[in-house]
Amino acid sequence: MKQIDTKLMHPKVQIVKIISRIYKSGMTTTSGGNISICDENGDIWVTPSAIDKGTLTEKDIICVKRDGTIVGPHKPSSEFPFHKAIYDCRPDIKAVIHAHPPALVSFSIVRQIPNTNIIPQAKNICGPIGYAPYGLPGSDELGDLIAAEFKKGESMAVIMENHGTVLGGSDMLDAYARFETLEFCCRTIINAKAIGEPKFLTDDQINEFEKQVPHNVPRNTDVTYPPEEREIRQHICDIVRRACDQGLMISTYGTVSVRWKNNDFLITPPDVARWDISPEDIVQIKGGKAEPGKTPSRSTFLHQKIYQENPHINSIILTQPPNLMAYGTTGVKFDVRTIPESWIFLQDVPCLPFGVHFQGDDTIPKLLSANVPAVLVANDSFIVTGDKLLQTFDRLEVAEFSAKSLVMAAPMGKLVPINEEQVEALRKKFLS
């Protein structure tokens with residue numbers, strides 16, 4: 001994944017940026033977790049021991065020199081030994097993240113490895129996942145156990161028995177994308193188990209998905225950026241970042257498009273971390289051709305067909321929030337007849353089989369309408385449409401909140417939905 005350029009970003013800056021995001025996303029606690037970077041000199045930059053993760057600054061980051069000298073105002077993380085053990089056995093790894101995000105901890109305490117075939121992109125982002133037996137925190141023994149898994153050379157992620165997880169990356173942003181994606185998979189699987197039994201994709205299905213990368217999108221030679229087009233770019237970026245803050249997207253998942261004029265539209269690219277997206281990253285699709293020098297989302301052809309088939313649709317969001325995907329991975333009906341707002345905004349949401357979103361299939365464009373503004377695609381995504389982008393985003397929020405309420409209600413009993421008479425009354429008052 002193309003991320004923000006870190007070549008000129010000091011390791012201290014990178015570490016503070018990522019640990020802050022991990023903490024604000026609820027994936028670590030004030031005292032939990034540690035991250036590090038091994039630089040070109042072999043020096044290791046690492047978070048300090050016993051310092052609030054919510055308020056770390058660049059001055060707090062510690063450097064452990066190649067010769068063992070410690071530079072900085074604090075002690076390095078107590079887990080520094082296993083960070084060093086990983087770097088020593090895997091020269092290809094330049095960044096390490098260890099934390100205790102709730103879903104991954106759930107897997108570690110039941111001693112299971114998550115199946116990342118739950119969503120197609122996850123398998124390639126996370127790769128094979130190792131498993132390290134329990135070791136005393138901060139001990140050389142724990143470092144040896146973790147290093148033994150990384151030494152096998154297959155894994156960039158390891159589940160730590162009764163502890164959490166540790167992940168490596170070619171740089172800090174690569175490690176973070178893997179960490180965030182793996183936690184997302186775990187949340188989806190756990191939510192799915194609350195309402196049913198998750199179904200996983202085969203490797204063949206994932207390979208078919210990978211073939212959908214739009215290498216064959218024709219390119220325009222000339223491009224213009226009138227003021228209204230530039231305004232749409234900024235609006236898309238604002239909504240994408242907001243979706244990330246709300247947990248509706250993660251750095252590796254999520255596509256947004258907005259109709260510009262006629263059937264021309266603007267769409268997000270696949271190779272930029274969603275929460276770092278900027279107006280210049282957005283791809284213009286004009287006359288069916290992409291802006292030169294850019295690659296649009298792999299779902300570009302689907303968005304194009306939706307706009308062509310549905311003149312009333314002016315914005316589309318495709319994403320994979322973990323509660324909605326609980327329904328998208330189990331086949332359990334996502335019944336939005338929970339509260340009036342949910343049904344008014346979404347009406348009844350169909351769940352379609354995996355593959356109907358592939359290029360050349362017209363099922364989704366022809367199914368979407370004023371009465372069907374959103375669909376779930378099994379093991380892939382939630383696709384929601386609307387007129388203004390804010391309306392579409394609102395529908396996305398309502399859908400994920402509704403799914404979360406249903407998942408939370410599952411242990412208490414069966415949903416008692418709004419009945420047909422009540423639905424008809426809502427239809428007459430709000431949708432006529």
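With sequence neighbours excluded, the residues forming a side chain to side chain donor-acceptor pair (under 3.5 Å) with Asp361 are Thr363, listed by chain and number.
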Could you tabulate the donor-acceptor pairs under 3.5 Å formed by side-chain atoms of residues 135-142, not counting sequence neighbours?
residue, atom, partner, partner atom, Å
Ser139, OG, Leu136, O, 2.5
Ser139, OG, Leu142, N, 3.1

Donor-acceptor pairs under 3.5 angstrom involving side-chain atoms of residues 62-78: please list them, not counting sequence neighbours.
residue, atom, partner, partner atom, Å
Asp67, OD1, Thr69, N, 2.9
Asp67, OD1, Thr69, OG1, 2.8
Asp67, OD2, Thr69, OG1, 3.4
His74, NE2, Asp60, OD1, 2.8
Ser77, OG, Asn34, ND2, 3.2
Ser77, OG, Glu79, N, 3.1

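Counting heavy atoms from C-beta on, the side chains of Ile22 and Tyr176 come closer than 4.5 Å. Counting heavy atoms from C-beta on, the side chains of Met160 and Tyr134 never come closer than 4.5 Å.
With Phe200 as the partner, the side chain to side chain contact (heavy atoms under 4.5 Å, CB included) test is satisfied by one option alone out of Ile189, Thr116, Asn379: Ile189.
No hydrogens or angles considered: a donor-acceptor pair under 3.5 Å links the side chains of Thr252 and Thr181. In this structure, a donor-acceptor pair under 3.5 Å is absent between the side chains of Glu149 and Tyr131. With hydrogens and angles left out, the side-chain atoms of Ser257 and Tyr307 include a donor and acceptor closer than 3.5 Å.
Ring geometry, Phe354 versus Phe358: the interplanar angle exceeds 60°, so the pair is classed perpendicular (tilted spans 30 to 60°). Aromatic ring orientation, Phe334 versus Tyr327: tilted (interplanar angle from 30° to 60°).
Rounding to the nearest 0.5 Å gives a distance of 12.5 Å between CD1 of Ile317 and OG of Ser381.
Taking 4.0 Å as the cut-off between side-chain N and carboxylate O, Asp245 and Lys24 do not count as a salt-bridged pair.
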Practice item. Show your working on ring pair (Phe, Tyr, Trp, His ring centres under 6.0 Å) between His83 and His98 and close with a plain yes or no. Key: CA-CA 9 Å; His83 287 252; His98 164 61; 7.3 Å; no

